[in-house]
Amino acid sequence: MAKLPQGWVVCQIKDIGDIVAGGTPSTQNADNFGGNIAWITPADLSDYKEKFISYGKRNITEKGLKNSSARLMPKGSVLFSSRAPIGYTVIAANPICTNQGFKNIVPSKQVFNEYIYYYLKSSKTLIENFASGTTFKEISGTKFGLIPFPLPPLNEQKRIVEKIESEFAKIDEGLEHLEQAKEQIKQYRQSVLKSAFEGKLTQQNPDDEPAEILLQKINPKANFNYNNKLPQGWVECQLGEVFNIVNGDRGKNYPAKNKLHTSGIPFVSAINIQNSELFIENLLYLNEQQYDLLRSGKITKGDSLLCIRGSIGKHCIYPFDTGAIASSMVIIRKSLPNMNKFLFYYLESFCFKQEVKKYDNGTAQPNLSASDLKRFNYLLPPLNEQKRIVEEIEKRFAVADEVQKVVEQNIEKVKQLKQSILKKAFEGRLVPQDPTDEPASKLLEKIKQERNKNDRK
């Protein structure tokens with residue numbers, strides 16, 4: 001720990017308050033739960049952003065409290081998750097219990113609980129070094145008590161917290177603006193795609209072969225409409241009249257996950273598609289015998305892969321020569337060269353999302369079918385115009401990518417500022433010292449006197 005200012009002392013967490021572990025009533029007895037006593041677990045804090053907490057997802061009863069090692073922590077206690085994971089920190093807004101995944105501090109009156117809160121938030125890595133365990137790391141109450149703690153005068157503790165929160169408010173405002181910029185980039189991309197599929201992104205060329213002739217080459221039996229809202233040369237048709245849409249295999253030869261391999265012929269499921277690209281790090285594979293047995297769902301380079309169950313809309317263009325898809329996906333296969341990139345951006349667009357909504361069954365696990373997809377409305381430009389549209393989209397998206405990269409770099413820099421502020425705070429460099437403040441050594445003496453007095457009661 002860096003050299004601290006005059007008036008500060010380095011002590012240990014056990015010196016600044018009482019350390020109290022939590023507990024869990026028997027879950028076999030329903031009478032232990034559903035009462036009016038607040039009780040939290042680390043899971044309650046996984047997405048929790050506030051400093052204070054009043055309750056978790058479950059309460060316990062008086063019986064549950066009595067028949068377990070759970071303790072009712074007084075308002076103002078600092079609650080720290082000591083396993084699975086280490087590091088979540090909150091302050092009790094009212095009397096509250098925790099499960100055994102916490103080591104809690106009932107602070108002395110000589111130590112500001114919000115100062116402790118920020119110190120623990122900043123010391124996750126340090127505290128993890130005191131932890132042990134194989135399956136998951138955990139820190140015991142004894143070791144938690146040995147964590148070094150920089151203790152300033154009480155008034156300075158309050159000034160530090162005030163300064164931290166003032167600086168964090170500025171940082172959060174900056175982050176909000178940067179997140180807004182990210183959202184604006186996202187909206188810009190959709191605006192580009194909207195213009196593209198309305199025929200407004202590029203100029204039409206009267207020498208282009210009309211889409212009507214293109215469609216007749218692909219599918220002589222196709223039905224289409226001339227939509228007067230579309231540019232000349234475009235037609236409105238159905239997706240299945242332009243592309244061959246193929247299901248993954250669902251038969252008895254469909255491989256179980258535990259029968260897949262770590263090498264061989266790629267077997268693609270929804271989890272393998274991230275940010276509209278094939279994510280190869282978590283791919284599983286078929287052997288040649290498994291691949292040969294499949295009746296459908298075999299994929300080749302250039303095929304568009306689309307998830308139609310669960311994560312509907314995830315898609316990518318397949319980059320390898322051979323492979324197969326899971327039953328939750330379909331292949332959208334082009335009939336002519338140079339059509340898959342235009343399809344790719346259609347699948348990225350709001351136009352496609354609007355079509356998906358028409359077939360949403362309203363269940364928790366929505367799904368489409370290949371038959372549904374074949375009926376999706378599809379706007380077909382001349383082939384040469386498709387190429388020009390793709391080029392213009394990618395040119396504009398390249399600029400957006402560069403802007404987004406800068407925004408994300410700045411977001412990371414701004415987030416790092418918080419750690420820098422906390423580091424300064426607990427090295428005594430964030431606020432000036434006041435020589436009239438009672439030194440921390442006196443606070444430790446008062447804490448000892450408090451404890452001796454309580455022991456005599």
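Start at 1 with the first residue, then count along the sequence. Scope of the values below: all heavy atoms of this structure, side chains included, with no hydrogens, waters or symmetry mates.
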Would you mind reporting whether I105 and Y117 have side-chain heavy atoms less than 4.5 Å apart? no
Check: Q404/E408 side-chain N/O donor and acceptor closer than 3.5 Å: yes
Is the Y318-F320 ring centre distance short of 6.0 angstrom? yes
Does one side chain, of N282 or N272, offer a donor that lies under 3.5 Å from an acceptor on the other? yes
Could you go through D303 and K298, starting from their C-alpha distance and side-chain angles, then the distance that decides it, and tell me whether this counts as salt bridge (Lys or Arg N to Asp or Glu O under 4.0 Å)? CA-CA 10 Å; D303 283 342; K298 295 179 179 179; over 6 Å; no
Is it true that E128 and K137 have a side-chain N and a carboxylate O under 4.0 angstrom from each other? no
Going by the ring-ring contact (aromatic ring centres under 6.0 Å, His included) test, which pairs reach into residues 241-271, not counting sequence neighbours? F243-Y378, Y254-F267
Pi-cation contact, F342 with K387 (under 6.0 Å, within 45°): no
Looking at L239 and I332, what are the two nearest heavy atoms and their distance? CD2-CD1, 4.4 Å
Any sub-3.5 Å donor-acceptor pair from R250's side-chain atoms to S327's backbone N or O? yes
Distance alone, cut at 3.5 Å: any donor-acceptor contact between the side chains of Q204 and Q232? no
Could you walk me through whether K314 and E277 pass salt bridge (Lys or Arg N to Asp or Glu O under 4.0 Å), step by step? CA-CA 9 Å; K314 291 176 71 172; E277 292 183 352; over 6 Å; no
Please find out if less than 6.0 Å separates the ring center of W39 from that of F33. yes
When you measure from the side chain of S122 to the backbone of Y119, do you find a donor-acceptor pair of N or O atoms at a distance under 3.5 Å? yes
Using a 3.5 Å cut-off and no angle test, enumerate the donor-acceptor pairs between side-chain atoms of residues 79-93 and protein atoms at least two apart in sequence or in another chain.
residue	atom	partner	partner atom	Å
S81	OG	P85	O	2.8
S81	OG	G87	N	3.3
S81	OG	Y88	N	2.8
S82	OG	G101	O	3.3
S82	OG	K103	NZ	3.3
T89	OG1	G87	O	3.1

Main chain of Q203, side chain of R388: is a donor-acceptor contact present, judged purely on distance under 3.5 Å? yes
Near I37 CD1, under 6.0 Å, is it more than 12 heavy atoms from other residues, nucleotides or ligands? yes
Do you see a donor-acceptor pair shorter than 3.5 Å between the side chains of S54 and N94? yes
Check ion pair D172-K415 (N to O, under 4.0 angstrom): no
E173: what forms a salt bridge (charged side-chain N to carboxylate O under 4.0 Å, His left out) with it, not counting sequence neighbours? none
Sort out for me which residue in V246, L306, I273, I299 forms a side-chain contact (heavy atoms from CB on, under 4.5 Å) with M329. I273
Around N225, counting heavy atoms of other residues, nucleotides and ligands shown, do more than 12 lie under 6.0 Å from its CG? yes
Between Q386 and P381 (side chain of the first, backbone of the second, donor and acceptor by atom type, cut-off under 3.5 Å), is there such a pair? yes
If we ignore hydrogens and angles and just use 3.5 Å, is the side chain of N205 paired with the main-chain N or O of D207 as donor and acceptor? yes
May I have the step-by-step check of salt bridge (Lys or Arg N to Asp or Glu O under 4.0 Å) for R396 and E392, ending in yes or no? CA-CA 6 Å; R396 297 191 184 201; E392 187 62 27; 2.8 Å; yes
Tell me, please, which residues at least two apart from F376 pass ring-ring contact (aromatic ring centres under 6.0 Å, His included). F352, Y359
Pairing of K63 and D31 as salt bridge, 4.0 angstrom limit: yes
When you measure from the side chain of N410 to the backbone of V407, do you find a donor-acceptor pair of N or O atoms at a distance under 3.5 Å? no
So, using salt bridge (charged side-chain N to carboxylate O under 4.0 Å, His left out) as the criterion, who are the partners of D401 when residues are at least two apart? R189
side-chain contact (heavy atoms from CB on, under 4.5 Å) against E179, all qualifying residues, sequence neighbours excluded: K182, I411
Side chain of N99, backbone of G23: donor and acceptor closer than 3.5 Å? no
ring-ring contact (aromatic ring centres under 6.0 Å, His included) contacts touching residues 382-423 (sequence neighbours left out): Y345-F397
Does D47 have any side chain to side chain donor-acceptor pair (under 3.5 Å) partners at least two apart in sequence or in another chain, and if so, which? none
Using a strict cut-off of less than 4.0 Å between a Lys/Arg side-chain nitrogen and an Asp/Glu carboxylate oxygen, indicate whether E236 and K229 qualify as a salt bridge. no
Between the side chains of S68 and N32, does any donor sit under 3.5 Å from an acceptor? no
Please find out if less than 6.0 Å separates the ring center of F102 from that of F144. no
I'd like to know if the side chain of T24 pairs up with that of Q100 as donor and acceptor (distance under 3.5 Å, no hydrogens or angles considered). yes
Q289 atom CD, over 12 foreign heavy atoms within 6.0 Å: no
Keeping the roles fixed (side chain from E412, backbone from Q409), state whether a donor-acceptor pair exists under 3.5 Å. no
Run the side chain to side chain donor-acceptor pair (under 3.5 Å) test against E348 and tell me which residues pass, sequence neighbours left out. S276, H315
Looking only at heavy atoms, which two atoms of S77 and V106 are closest? And how far apart? OG-CG2, 3.8 Å
Just to verify, what does K200 make a side-chain contact (heavy atoms from CB on, under 4.5 Å) with, not counting sequence neighbours? S195, E198
Which heavy atom of G22 sits nearest to which heavy atom of N104, and what is that distance? N-ND2, 4.3 Å
So, applying side-chain contact (heavy atoms from CB on, under 4.5 Å) with N247, which one of I325, I331, I308 is it? I308
Mark yes when over 12 heavy atoms from residues, nucleotides or ligands other than K51 sit less than 6.0 Å from its NZ; otherwise mark no. yes
For atom CD of Q28, is the number of surrounding heavy atoms from other residues, nucleotides or ligands below 6.0 Å larger than 12? no
If we ignore hydrogens and angles and just use 3.5 Å, is the side chain of E167 paired with the main-chain N or O of I164 as donor and acceptor? no
Minimum-distance pair of heavy atoms, taken over all atoms of P107 and N113: CG-CB, 3.9 Å
Using a strict cut-off of less than 4.0 Å between a Lys/Arg side-chain nitrogen and an Asp/Glu carboxylate oxygen, indicate whether R295 and D249 qualify as a salt bridge. yes
Side chain D372, main chain L368, donor-acceptor under 3.5 Å: no
Who are the salt bridge (charged side-chain N to carboxylate O under 4.0 Å, His left out) partners of R429, not counting sequence neighbours? E427
Evaluation steps, ring-ring contact (aromatic ring centres under 6.0 Å, His included), between F426 and Y115: CA-CA 9 Å; F426 301 111; Y115 176 83; 5.2 Å; yes
Can you name the residues that form a salt bridge (charged side-chain N to carboxylate O under 4.0 Å, His left out) with K259, not counting sequence neighbours? none
Flag for S26-N29: side-chain donor and acceptor within less than 3.5 Å: no
